[in-house]
Amino acid sequence: ARAWPEAIEQLDRAIRAAAGDCPLRVLEQLANCRARLAADEALAAHRRGAAADAAQAKAREALVQSALDELEPLCRRAPTVERLSLLGSTRKRHALVATTPAARLEALDACAKAYREAFEAGGSQDAYPFTNWASAVLLAAHLDAAHPGLPPSALEEELPRLRTGLQERGGRNPDFWTAASLADLDLVMLLAHSLPAAEPAPRGRKRAAEATDTCAALTEQILATYRDALARGASPRERASLVENLDALRALLEGGPPVLGERLRRIRDAI
């Protein structure tokens, strides 16, 4: 229902109760709701094109920081794939509410680190932390050309291996998230191929033209795969997850390549 303020109030009451107890899951959910509320507000302001309000921006950053203050000690004490992934998503939302380019890059670096740790903790088998790790690294590279990029092995080795695993799983037991994860892998490729060419002309111009053709084909493929996933009977919450991720990518890329932003907008509007 995305009723974040009401959820935050009740989860906080559960944790503060003098009598009774609650699972660690409540602490995780509380942190998640705080970060999601801040991100929703930031994305809503971005969609409206609203001028930056310093007080509201500060309040959103404080809300995400409070989530991090609860998650980080828990991840140090008892890291799990799910907790590290939750830390990664909170760091991503921290990047969304960041008020300076330097703070945004710092949050994206921390996001990538958490998701990479989650990927490795799961035996490098889960596409979800991989796509989020790769996306955070590529977003940082789009925002700062001097930033370290994604290791070539991630695209050349990990991505095809994960794609094969998802296709095999989808063949045995098709479901929304498996199908959507295939599109997420292509989204990583779209971000990677949209980086500006590093080679000097004319080789750089040739590479740029090839990348443009590849990105156009990837956009169509992502659209088709997301639509296939949604056609399986996705819930409003599942569709909202796809839309939120695409909105976040567009917001984080503000000031980046306009063609990439337009492709992401097209995908977002089509689903």
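Note that these values count all heavy atoms, side chains included, but never hydrogens, waters or copies made by symmetry.
When all heavy atoms are compared, the tightest approach of Arg263 to Cys215 is NH1-CB, 3.4 Å. The nearest pair of heavy atoms linking Leu185 to Leu162 is CD1-C, 4.2 Å. Smallest separation of non-hydrogen atoms from Ala38 and Val97: O-CG1, 3.8 Å. In terms of heavy atoms, Leu96 sits closest to Ala39 at CD1-CB, 4.0 Å.
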Derivation of the side-chain contact (heavy atoms from CB on, under 4.5 Å) call for Arg91 and Asp109: CA-CA 9 Å; Arg91 284 292 187 184; Asp109 285 343; over 6 Å; no
Derivation of the salt bridge (charged side-chain N to carboxylate O under 4.0 Å, His left out) call for Glu28 and Arg25: CA-CA 5 Å; Glu28 296 168 355; Arg25 180 68 176 158; 3.4 Å; yes
CA sep, side-chain torsions, deciding dist, call: Phe130, Ser135, side-chain contact (heavy atoms from CB on, under 4.5 Å): CA-CA 8 Å; Phe130 171 84; Ser135 295; over 6 Å; no
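Between Glu244 and Arg93 there is a salt bridge, with a side-chain nitrogen of the basic residue lying less than 4.0 Å from a carboxylate oxygen of the acidic one. A salt bridge is absent between Glu254 and Arg104; no separation between the charged side-chain nitrogens and carboxylate oxygens falls under 4.0 Å. Salt bridge present: Asp186 and Arg163 bring a charged side-chain N and a carboxylate O closer than 4.0 Å. Note on Glu120 versus Arg116: salt bridge recorded, some NZ/NE/NH1/NH2 to OD/OE distance being below 4.0 Å. The pair Arg266-Glu262 does not count as a salt bridge, with every side-chain nitrogen at least 4.0 angstrom from each carboxylate oxygen. Salt bridge present: Arg265 and Asp269 bring a charged side-chain N and a carboxylate O closer than 4.0 Å. Classification of Arg161 and Glu158 as a salt-bridged pair holds, one side-chain N sitting under 4.0 Å from a carboxylate O. In summary, Arg232 and Asp175 do not engage in a salt bridge, as defined by a charged side-chain N under 4.0 Å from a carboxylate O.
Using a distance-only test at 3.5 Å, with no hydrogens or angles considered, no donor-acceptor pair links the side chain of Thr178 to the main chain of Pro174. Judged by distance alone, the side chain of Gln125 and the main-chain N or O of Gly123 form a donor-acceptor pair under 3.5 Å. Arg268 places no side-chain N or O within 3.5 Å of a backbone atom of Asp247 that could act as its donor or acceptor partner.
Val64 and Leu252 fall into different hydrophobic clusters, where Ile, Leu, Val, Met, Phe, Trp and Tyr are joined by side-chain heavy atoms under 4.5 Å apart, directly or via other members.
In this structure Arg227 satisfies the side-chain contact (heavy atoms from CB on, under 4.5 Å) test together with Leu223, Ala270, sequence neighbours excluded.
Atom CG in Leu139 sits 8.5 Å away from atom SG in Cys111 (nearest 0.5 Å).
Using cut-offs of 30° and 60° on the angle between ring planes, the pair Tyr115 and Tyr128 is perpendicular.
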